Amino acid sequence: MVQDKVETLSTVRVSKTDDLYKIVDCLNRTLKEKDLMFGLSLDQNDEKTAVFTIYQT
């Protein structure tokens, strides 16, 4: 199962912007062959903050 192999390398909280997902999408398309995956979620405690995470698969 893929989730068993996923390791979090780094997490950072940044100001949420409307186009932030475009950067994450670009990184995922460009670097998936390097076994890297990028995630973006909203901070549960602050709606103005996004959580950007880098994973190794």
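Source: prediction; values computed, not measured.
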Distance check, rounded to the nearest 0.5 Å: K32 atom NZ versus T57 atom OG1? 11.0 Å
So NZ of K5 and CD of Q56: to nearest 0.5 Å the spacing works out to 10.5 Å
Please write out which residues are connected to V51 in a hydrophobic cluster, directly or through intermediates, given that two of Ile, Leu, Val, Met, Phe, Trp, Tyr count as joined at side-chain heavy-atom separations below 4.5 angstrom. none
For L40, the rest of its hydrophobic cluster, which grows through side-chain links under 4.5 angstrom: L9, V12, V14, L20, Y21, I23, V24, L27, L31, L36, F38, F52, I54
Between NZ on residue K16 and OG on residue S41, distance to nearest 0.5 Å: 12.0 Å
Of all heavy-atom pairs linking T11 and R13, the shortest is CG2-NH1, 4.2 Å
